[in-house]
Protein chains: 2
Amino acid sequence: MDSSRPLKQPSRPGARVTAAMVAARAGVSTATVSLVANGKTRGRVSEDNISRVRQAIAELGYVVDSVGSSLARGVSSIVVLVAPDISNPFFAKVIAGVRESLGADFQLLLSVTEAGEFPRADDIRRILALRPAGLLVDAPDAAFLEDLSTTGPMVLLDAPGLEAYAPSVNLDVAHGARELAAHLASSGHRRVAYLDSVTGTATFAIRRTAFLEEAAARGVTVDPAHQISTTIDVGASAEAFAAAWPQWQQAGVTAVVCATDTHAYGVLQEARVAGVRIPDELAVAGFDDLPYSATSNPGLSSVHLPAARLGLKAGEQLRGLIEGRDLEQPQLTLESSLIVRGSTERATAS
Amino acid sequence: MDSSRPLKQPSRPGARVTAAMVAARAGVSTATVSLVANGKTRGRVSEDNISRVRQAIAELGYVVDSVGSSLARGVSSIVVLVAPDISNPFFAKVIAGVRESLGADFQLLLSVTEAGEFPRADDIRRILALRPAGLLVDAPDAAFLEDLSTTGPMVLLDAPGLEAYAPSVNLDVAHGARELAAHLASSGHRRVAYLDSVTGTATFAIRRTAFLEEAAARGVTVDPAHQISTTIDVGASAEAFAAAWPQWQQAGVTAVVCATDTHAYGVLQEARVAGVRIPDELAVAGFDDLPYSATSNPGLSSVHLPAARLGLKAGEQLRGLIEGRDLEQPQLTLESSLIVRGSTERATAS
DNA sequence: CTGAAAGCGCTTACAG
DNA sequence: CTGAAAGCGCTTACAG
């Protein structure tokens, strides 16, 4: 009599609906409710009870409590994404890809640390205490993976050279780097500078090494004195370029390759201030192909990396592991390739 | 005898260390372990037992299992951030701010939906089933908040007009919008177009309304026929501008205001293609002041919004609620202001 | 100050 | 097909 509110509104707010309440309403045990709620009725629950329970669930607005469920099962439905830096548009895309592949069955928990730094053993413990269904680890170093020593499902993203630790999805940045070297060489550049990222992530070493090798093979000189590095930050990069440019210019440098587009934006910005004409006086290129590289003036030549696909594939692989499937290809590599824009297209291509 | 491995390495990997194991080692009950692990020993545990337990915890590498803990307490240590779109550099900064204020005590769970869409009742239930310690909701609509009807701690971000639902942190976008109108008026513009976002988020309505009002007050005409809208996407915006420009030009439009910098990038891009000189032929401005707005050529005039502070403040407020404190100021508003750059700085300022 | 015990909500052998 | 019961790991009155 005191339940004057319409039943459509699933229970009064605040009062948690439990399996016991559903069981009582449907006239069955909580075991049966659990079976129905989890779709494990196959040959274990009568049609009659299935529909009773379904109705009770609908009427009460019951949702399986994931804390209780996780405790009983031993794992939660949480997938943890460990990443060193998310204030990066590239990373936003990776996340979007992960979300897409994970779907509604898993919740994505972000474990972020200071830009460029990696979680310590402490943080890891706290994460593992959540009993995640799986782990996605972006751009880790070996030390971190040693620390981790988890036995659960795990997939690495952008972790070249660490394939021994877990199934991985990597980017073939070397390919794009070589294309870039070839492009600059064929445009007539003979002396090139390299603006690297200070982050010790493996991908940056590969970008640089592949570029330097191909450049050397094509007769392009990248003097060690013309290789500098800064944090991934427009301002820091602009400053570093401003400081280095006079020497570079004097040494006959006509192009600068940046480890990320973000670095390149700094160069573009400072070049404008300093009156350096791009691309005629200096060609500039980056990696990542962020959305704004198509918009800057001139457009920024950049090695395109499939961020969303990286996240998508990693999520798919992880799902496979969580569901206990054998992965057909534990190691995936996604292509990269150079997008040429105005920042390297000289009128005087050789 | 069979434990030949060094004890420093906290237990053998894979074997979960429980409070019972710690209790056994320290020669106390699990109740005491719990008290020590949670720092609730004040007048309840002897110094002696405290140090025994601490030592056992260290030796075994015990970490409180958060699933068990959450079930017993009734809430988890998870803070859920509900947001309509994260593939947006603006949002990456908001997240960084949230992380900073939340610290190590809480885990940040991202609940993302399709760009521009909001979670349905279904998704909400699944989130609430995690028993979050608190909710952070970015740019919600009233319908969503009605659905939510949660009683737990919740803080809204960028939710102007919805202060009745929960403590909020908002951005004073109207202020920047008015500054922008004043700036364009004083630069001599008399006919201006407006490129809006199709997302029905309140902030966009406020940006537009405030701009239109101030423009009108200053004798600047924004013909309804010159107000169009697209998704927040460089390409979509570029296309829309390409289609609209001939008419705008004919009608004497000399400036276009974009609801976001992302829209503005599309305009800049297309303007270059179409040979429209910026700012002389057309002035362009946006909102958000994304990092690349300082770098584009010309630099993009934009209303700066403090993204990181938005996340930071919201996180702080939420912590307050979770800890049961009364908020001194349940409603916070952060300033916005116009940053003038080359895209609106005509040589011929009146 | 301390520990035995109940309970959080669920899942899963197990016996019927 | 069904339900009583044990158990997941922890926290918190409660009695001592």
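The sequence lines fix the lettering, A, B, ..., with proteins before strands; numbering per chain opens at 1.
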Nearest-nucleotide comparison on DNA chain D, the residue closer to the 5′ end among A/Ala31 and B/Ala20
A/Ala31
Judged by each residue's nearest nucleotide on DNA chain C, which is more toward the 5′ side, B/Gly68 or B/Ile50?
B/Ile50
N/O (side chain, B/Ser34) to phosphate O (OP1/OP2, D/dT11) under 4.0 Å:
yes
Compare the minimum distances between each of C/dT2, D/dG3, D/dG9 and the side chain of A/Ser29, then state the nucleotide with the smallest one.
D/dG3
For a side-chain hydrogen bond (donor to acceptor under 3.5 Å, both in side chains) with A/Ser168, tell me which candidate from A/Gln331, A/Glu163, A/Gln317 qualifies.
A/Gln331
Shortest side-chain distance from A/Ser46, nucleotide among C/dG9, D/dC1, C/dC10:
D/dC1
Just by modelled atom types, is the A/Ser66 backbone N or O under 3.5 Å from a matching donor or acceptor in the A/Ser70 side chain?
yes
In terms of side-chain geometry, is the basic nitrogen of B/Glu316 or B/Lys313 positioned less than 4.0 Å from the acidic oxygen of its partner?
yes
What nucleotide, of C/dT2, D/dT12, D/dC8, holds the atom closest to the side chain of A/Arg131?
D/dC8
To the nearest angstrom, how far is B/Asp48 atom CG from C/dC1 atom C1'?
11 Å
Reckon B/Val64 touches a base, only the sugar-phosphate, or nothing at all at heavy-atom distances under 4.0 Å?
sugar-phosphate
Position toward the 5' end of DNA chain C (nearest nucleotide), B/Arg42 or A/Arg73:
B/Arg42
Regarding the side chain of B/Asp65, the nearest nucleotide among D/dG9, D/dT2, D/dT12 is D/dG9
Near A/Glu328 CD, under 6.0 Å, is it more than 12 heavy atoms from other residues, nucleotides or ligands?
no
Report the nucleotide, chosen from C/dT11, D/dT2, D/dC10, that has the shortest atom-to-atom distance to any side-chain atom of A/Val45.
D/dT2
Under 6.0 Å from the CZ atom of B/Arg309, do we count more than 12 heavy atoms belonging to anything else shown?
no
Between P on C/dT2 and CZ on B/Arg52, what's the gap in Å once rounded to a whole number?
9 Å
Taking the side chain of A/Thr32 as its heavy atoms from C-beta onward, which of C/dC10, D/dT2, C/dG9 lies nearest to it?
D/dT2
Would you indicate, yes or no, if D/dC1 has its OP1 or OP2 atom less than 4.0 angstrom from a side-chain nitrogen or oxygen of A/Asn49?
no
State the pairing partner of C/dA13; accept Watson-Crick or G-U wobble contacts with both distances under 3.5 Å, and report none otherwise.
none
Could you tell me how far apart A/Arg44 (CZ) and C/dT11 (P) are, to the nearest whole angstrom?
12 Å
Closest to the side chain of B/Thr18, out of D/dC10, C/dG9, C/dT12, is D/dC10
